[in-house]
Structure formats: structure tokens, C-alpha cells
A.B. asks: 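One structure follows; several queries about it will come next.
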Amino acid sequence: MKFSKKLTYWYLQNKRNLPWRETKNPYFIWLSEIMLQQTRVAQGLAYYLKFTEAFPTVFDLAKAHESIVLKMWQGLGYYSRARNLHFSAKHIVNELNGEFPTTFLEIIKLKGIGDYTASAIASICFNEPTAVVDGNVYRVLSRYFGISTPINSTAGIKEFKKIAQSLIDKSQPGMYNQAIMDFGALHCKPQNPLCDSCPFTNSCVAFEKNLVKKLPIKEKKIKIRKRYFNFLVIKTADNKTILSKRKGKGIWQGLYEFPLIESEQIINKNELISTEKFTDLFPNETTILLHNKKEIVHKLSHQHLYTQFWIIETKSLENTTISWENIQDFPVPVLISNFLEEFQSKN
DNA sequence: AAGTCGTGGCG
DNA sequence: TCGCCAAGACT
């Protein structure tokens, strides 16, 4: 039996019922695809429901302020997705008359949409036979065909896209694409794939050659950088604090945080108050208390952040300050959010 | 084109 | 514990 036919048969019996599978509205499909990039369905689902309720149309999303969008995205990670989503929503409303583009070549022009997402939207919403290649597809195809080309090499990306494109069911491309992804997610899993009950065992090269555990092959290992963060959690006499917006290209762009002093190592109170930034911020007398005795290690994909929260009590400040009651309105990274939850439960 | 960008779950 | 990796895209 043909690969796509067998896959479709499996899908119809095993597919997950997910809210974005009840629609072909490109705005909703777009939303779901962006949210699910490098993100598990279990984690993205609640955000999808929240977004579609708050922003039922692209116009609603476009007219929201970026900070509101980021606040709603808080906790989902990879925040450039939210910024690009919002940017493209405004572009669709202002430049495309509110109409979502209808072909792969037009869809992929949108900021934040690459080959995968353009293929997904074009196939699901507009029946265009463009094959998706995500982590699931790499795994299924590398195992089934016994391909050892690294999936994150330039050659591998081209090779797998070509094979995926050759396999797609052109009569139902949207269903086929979702079928191969669901098969990878539920059956041909990274660890402990269900080979015992697999409909493809009689033709799977990896199964035949006992290579299932070795495939797919991914090259390079990421390097993790250690950083040492000191957040200055200010409490003035009139119950205000300072948050600043992260700018530039690094982590958490667009999110807010307490004034940050980064150091080369873990530092103590004396070392903290002798830094230039500290004396700039607090020329006057302050009370300083280290909130967490042991540094909090926050792990990102490429960085480990060794973090200390310093509680600083001072009279009042000339800098722009915000009220502690309003702090929950600001989009913050999980590291800050976790601190706030614990800190405010005690105060 | 190799590095960067979050967070959480799993074995 | 710790490494892997999850509906990738951008620079």
C-alpha cells in the first residue's frame, strides 16, 4: 500500500481532537502553528484558547498593544514569535486589507513564517500540496527510509524536504501533513517508539536494520553560557519599584525586568554596592537584603542564569517608578514571574 | 551558516 | 541529575 494511504488510514483511527482542527480559518491555523513551533501541544493549547478568545480576528490582534500580546504570551517562550505574530497581524490589516495571503509563496513572506509554517497553512487552509517538514517528519522519514544525513545540516534540510514533497497526498495535502506529524508525535516517538504496533514495520528500514534508536541524526551540540544576574528589587517608602524593558537582540526582548546588574561570578553585598550601576541608581542610603540564599539557576536553551534577587529598600526615587499593585500588568520572563509569586505571597 | 531564541516534560 | 527535544525562524 502507498505510504500516504497507509498513513492516512492510521490517522483517521488515531488523530487527536484539537480545537484548531475544527477550522480552516487561516488566522486560527496561523495562530496555532506559530504557538506550536518548538512547543508541545499540551503547553500551547491553553494559550491558543486564550488568544482566540481575546483576539477572535486578525483585526483584534492588530489593534492590541505589543505589551498586551507579550503579556498573554508570557510563559510560552521564544517571545520573538509573539512580536512577529503581532507585526504580521498589523501588516495583514494595514497592507493586505485584512485578507490572509492564500498561496505558499505569499504566506512565507510574512515575518515569523518560514518554510514549515507556510506549508502548513497553505495545505490546511488552501489545499496547496506543500509538504511540512518539522521535527516529527524528520524522525519518521529518517527512520522509514533509513536516512542518516543529519537533519540540521544544509544537505539534510534539502533532502528531507524533497522526500516529504514526493510523498504528499496531493488530493488531501492538509490531512496528510497533519497525519505524518501526529504519527511522529504519538507513534514514531523520539524515545520508546511503538514499533510493536506500527503499520510500517514491514517496510521501515530503521526497524529492519535495528537503527530506530540511532535515527534521526542531529549534528552539533549547543554550547551553554553561564551568566550571573543580580536583580534589584526596589521597595520605596511609597510602595513603588522599577521595571525596565529589555531592548536589543538578546533574551527576553520586549519583556520587563527589575534593574539588572550582571557580574562575572556570584557576588556578595559589598561587591554589589561597589558597582557603578548600583551607585548610580542609589546615591542615597539603602537597606539591602539578599532574598534567595542560594542562587536560582534558570535554564534557557543556550544560557544558564545564576540569579540573585536583592531587596532594596529606600526612601523615594526620581527615576520612573511603577506601583507594586500594577506590576502584574507587565510582561515578564518566567524567572521574574516565579520570583514575584513567591515574594508577594510573603508580603 | 552556525548561533541564538524559552520553557517544560520526560526517562 | 541532566541531556534531549518539542507543529522553527531569524540573523
A.B. asks: With a 6.0 Å cut-off on ring centres, are A/Tyr48 and A/Trp20 close enough?
C.D. replies: yes

A.B. asks: Answer with base, sugar-phosphate or nothing: what part of the nucleic acid does A/Gly75 contact at a heavy-atom distance below 4.0 Å?
C.D. replies: sugar-phosphate

A.B. asks: Could you check whether A/Arg21 gets within reach of a base, just the sugar-phosphate, or nothing at all, counting any heavy atom under 4.0 Å?
C.D. replies: base

A.B. asks: Using the P atom as the point on both nucleotides, what is the distance between C/dA7 and B/dA2, in whole Å?
C.D. replies: 24 Å

A.B. asks: What nucleotide among B/dG8, C/dA7, C/dC5 has an atom nearest to a side-chain atom of A/Lys218?
C.D. replies: C/dC5

A.B. asks: Could you verify whether a donor N or O on one side chain and an acceptor N or O on the other, from A/Thr236 and A/Asp238, lie under 3.5 Å apart?
C.D. replies: yes

A.B. asks: Which nucleotide sits closest to the side chain of A/Gln43: C/dA9, C/dC5, B/dG6?
C.D. replies: B/dG6

A.B. asks: Quick one: the side chain of A/Tyr78 and the base of B/dG6, do they pair up donor-acceptor inside 3.5 Å?
C.D. replies: yes

A.B. asks: Rounded to the Å, how far apart are A/Tyr116 OH and C/dA7 C1'?
C.D. replies: 3 Å

A.B. asks: Heavy atoms under 4.0 Å, any strand shown: does A/Asp115 hit a base, just sugar-phosphate, or nothing?
C.D. replies: sugar-phosphate

A.B. asks: Distance check needed: B/dG6 C1' versus A/Leu300 CG, whole Å only.
C.D. replies: 6 Å

A.B. asks: Which part of the nucleic acid does A/Ser32 contact within heavy-atom distance under 4.0 Å: base, sugar-phosphate only, or nothing?
C.D. replies: nothing

A.B. asks: Check the distance between B/dT7's P and A/Gln303's CD and give it to me in whole angstrom.
C.D. replies: 11 Å

A.B. asks: As a test of reading the structure: which of B/dC5, C/dA7, B/dA2 is closest to the side chain of A/Lys220, going by heavy atoms?
C.D. replies: B/dA2

A.B. asks: Round to a whole Å and report the spacing from CD1 of A/Ile157 to P of C/dG8.
C.D. replies: 13 Å

A.B. asks: When all nucleic acid strands are considered with a 4.0 Å heavy-atom cut-off, which category describes A/Ser301: base, sugar-phosphate, or nothing?
C.D. replies: base

A.B. asks: Which atom pair, heavy atoms only, marks the closest approach of A/Ala62 to A/Val93?
C.D. replies: CB-CG2, 3.6 Å

A.B. asks: Measure the distance from CD1 on A/Ile217 to P on C/dC5 and round it to the nearest whole Å.
C.D. replies: 12 Å

A.B. asks: Expressed as a whole number of angstroms, how long is the span from A/Gln74:CD to B/dG8:P?
C.D. replies: 10 Å

A.B. asks: What do you reckon, are the aromatic ring centroids of A/Phe200 and A/Tyr144 less than 6.0 Å apart?
C.D. replies: yes

A.B. asks: How far, in whole Å, is B/dA1 from C/dA6 if one measures between their P atoms?
C.D. replies: 24 Å

A.B. asks: A/Arg225 near the nucleic acid: base, sugar-phosphate alone, or nothing, with a heavy-atom cut-off under 4.0 Å?
C.D. replies: nothing

A.B. asks: Has A/Asn210 got more than 12 heavy atoms of other residues, nucleotides or ligands less than 6.0 Å from its CG?
C.D. replies: no

A.B. asks: Whole Å only: how far is the CZ atom of A/Arg81 from the C1' atom of B/dT7?
C.D. replies: 9 Å

A.B. asks: Hey, does A/Gly44 reach any base, or is it just sugar-phosphate, or nothing, if we go heavy atoms under 4.0 Å?
C.D. replies: nothing

A.B. asks: Name the residue closer to the 5' end of DNA chain B, choosing between A/Asn192 and A/His298 according to the nucleotide with the nearest heavy atom.
C.D. replies: A/His298

A.B. asks: Choosing from C/dG8, B/dT7, C/dC10, which nucleotide comes nearest the side chain of A/Trp252?
C.D. replies: B/dT7

A.B. asks: Atom CG of A/Leu76 and atom C1' of C/dA9: how far apart are they, to the nearest Å?
C.D. replies: 15 Å

